[in-house]
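Read the structure below first, then the notes.
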Amino acid sequence: MTMIPERPLPAPIVDVFTAPFWQAASEGVLLIRRCKACGEAHWYPRPFCPHCASDDTQWVPASGRGTIYSFTVARKAGPVPYVLAYVTLDEGVTMLTNLVDGEVEALHIGQRVQVTFRAGEGGAAIAVFTPCTTP
Amino acid sequence: MTIKRKACIAGAWEHPLRKAPDKSTAQLHYECARGALADAGLDFKDVDGYFCAGDAPGFGMLSMVDYLGLRVRHVDSTETGGSSYLSHVSHAAHAIATGHCDVALVTLAGRPRAEASSGVAAAARPNVPEVPFEAPYAPVTLNAYALAAMRHMHEFGTTAEQLAWVKVAASHHARHNPHAMLREVVTVEDVLASPLVSDPLHKLDCCVVSDGGGALVVVRPEIARSLQRPLVSVLGAGEAVKGQAGGRVDLTYSGAAWSGPKAFEEAGVSPHDIRYASIYDSFTITVVMQLEDLGFCAKGEGGRFVADGNLIAGVGRLPVNTDGGGLCNNHPSNRGGITKVIEAVRQLRGEAHPLVQVPGCELALVNGIGGLLGTRHGSATLILGRD
Ligand SMILES: [Zn+2]
């Protein structure tokens, strides 16, 4: 079994809109965006709802749990291999991410994963996912 | 209004170089333009419409029109990655049909091999809305396509062996193309034995990195009839952009599921009528998904459709990319759209290599996927006919 290698993550890009997202990440919380007009969550976060175009949207905490929609072991994209994945959060949105802390050979679509955070360059927390230890 | 038979592709030319350390990108654009105009029997002074995309250097359109010495009354720099040039043909036909130009020139060129660059990383450019939420995870081109391949295998039971057949077919065609970068015939076993680069894709599931380029000349039908070339008409076109749909990601289909039906409807034909198809083969999975989405087989059947040499001219039921495609021939500027159109024109003219020429080829389809299949991409479909 091969543990997923880890690579250094870059510093996040923070602006006025995304500042609360990165602040929550530093406290171990993954925020998503939900629309008060149509009730739908969306990803990646925007100041308006891509489903109904309303700007009545807000940050809400995600459970941090989800399932692997797809993944790939990126073996040649950098000095260290990494696992790029789409994870469908229990809230229904699917986000691009990296998987960490698992065994490469055991990764599979449909696998339950949970959010964890890694320090990017400069120390800011970046959400990644790891196989669930509880169902 | 329809573009059906409102424009013809009178000139098509592919740069023979696969590595161009001694030429600038702009110079390659010029050489491609010159080649396509000569192929049509036209001259730079005849051009009154010009089309280029993100590979054009400098201020793109403005730099190139000035550099080439063109005097144009219609321009278009639609940028959808490698599918841009299919859109350009469609847009040129619209412009011709509405009287905005008579002779449209489309060029592509680039030298990623000489410059030792490949793929499009989601670089940390400012002001790109998805970048803060994606760039940390490094979704570079190859890996984003691999995500689609992995999901396709999961949903439909597609196998690595089936994907490999797309490369095998390309290699059978490329052996007849003296300009192709990879001319050796490969087997399914060869593809599977090549290193995994981004699971489930192997090294040989990926297109080549090459310099070079190509150009097309799209003209009013009356002008085409005055030239000494076979008549290749634009019969139908469709375009689509597919992304992540606000988080409702579905990697099981490509934008070809939207662009294809529009093109077929406009042309008034169905997939059964198509004798030859140029399908942008950035990776083997790209071909499998487009064939399904265009209706050449049912969704999920693409792996079985491409197996057993079914894409090989003279062997299978749908010859695809008879020049060797991006997988074996070339992939100038990391963009495969224009070479797809060029090989379709060769087939319709009867000017493909005799060993891969489809006998009596009267109807061809071209499809392109530009951008990243797994994140956000453009799809463009063209249906071309020999008149
Ligand atoms: Zn909404």
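Worth saying up front: this structure is predicted, and the values here are computed from it rather than measured. Below, chain A is the first sequence line, B the second, and so on; all start at residue 1.
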State whether the number of non-hydrogen atoms from other residues, nucleotides or ligands found under 6.0 Å of K299(B) atom NZ is greater than 12.
yes
Going by the rule ring pair (Phe, Tyr, Trp, His ring centres under 6.0 Å), which residues pair with W258(B) if we only count those two or more places apart in sequence or in a different chain?
Y253(B)
Test your reading of the model: is there a side-chain donor-acceptor pair from Y69(A) to the backbone of L251(B), 3.5 Å cut-off?
yes
For Y82(A), ring pair (Phe, Tyr, Trp, His ring centres under 6.0 Å) partners two or more places apart:
none
Would the number of heavy atoms belonging to other residues, nucleotides or ligands and lying under 6.0 Å from CD of E121(A) be above 12?
no
Look up atom CE in M95(A) and atom OH in Y137(B), then write down how far apart they are to the nearest 0.5 Å.
4.5 Å
Ranking P132(B), A138(B), P200(B) by heavy-atom pairs under 4.5 Å to chain A gives rank one to A138(B)
Going through the distances and angles, do T94(A) and R248(B) end up as a side-chain contact (heavy atoms from CB on, under 4.5 Å)?
CA-CA 6 Å; T94(A) 300; R248(B) 297 171 184 168; over 6 Å; no
Given the options V14(A), I32(A), V73(A), T88(A), which has more heavy-atom pairs under 4.5 Å with chain B than any of the others?
V73(A)
Has E184(B) got more than 12 heavy atoms of other residues, nucleotides or ligands less than 6.0 Å from its CD?
no
Residue by residue, scan residues 39-48 of chain A and write down, ordered by number, those that have a heavy-atom distance under 4.5 Å to chain B; if none do, write 'none'.
E40(A), A41(A), H42(A), W43(A), Y44(A), P45(A), R46(A)
Tell me, out of L9(A), I126(A), T97(A), who's got the most heavy-atom pairs with chain B below 4.5 Å.
T97(A)
Between atom CD1 of I13(A) and atom CD of E134(B), what is the distance when rounded to the nearest 0.5 Å?
11.0 Å
Are there more than 12 heavy atoms of other residues, nucleotides or ligands under 6.0 Å from atom NZ of K76(A)?
no
Grab the two heavy atoms, one from G246(B) and one from P50(A), that are nearest each other, plus how far apart they are.
CA-CG, 3.9 Å
With distance as the sole test, does T72(A) use its side chain to make a donor-acceptor pair with the main-chain N or O of N143(B) at under 3.5 Å?
no
Run the numbers on L147(B) and Y86(A) for side-chain contact (heavy atoms from CB on, under 4.5 Å), then give the verdict.
CA-CA 8 Å; L147(B) 288 173; Y86(A) 271 121; 3.8 Å; yes
Would D199(B) and R75(A) count as a side-chain contact (heavy atoms from CB on, under 4.5 Å) here? Give the steps.
CA-CA 8 Å; D199(B) 307 24; R75(A) 297 172 191 271; 2.6 Å; yes
Among residues 15-27 of chain A, which residues come closer than 4.5 Å to chain B, judged by heavy atom distances?
T18(A), F21(A), W22(A)
Interchain contact, A127(A) with chain B, by part (heavy-atom threshold 4.5 Å)
both
Honestly, the part of L196(B) sitting under 4.5 Å from a heavy atom of chain A is both
If you round to the nearest 0.5 Å, how far is CE of M153(B) from CD1 of I109(A)?
10.0 Å
Specify the closest pair of heavy atoms between A245(B) and H51(A), including all atoms of both residues, with the distance to one decimal.
O-CE1, 3.4 Å
So what's closer than 4.5 Å to chain B heavy atoms on P12(A): side chain, backbone, both or neither?
neither
Of the non-hydrogen atoms in S198(B) and A74(A), which two are nearest, and what is the gap between them?
OG-CA, 4.1 Å
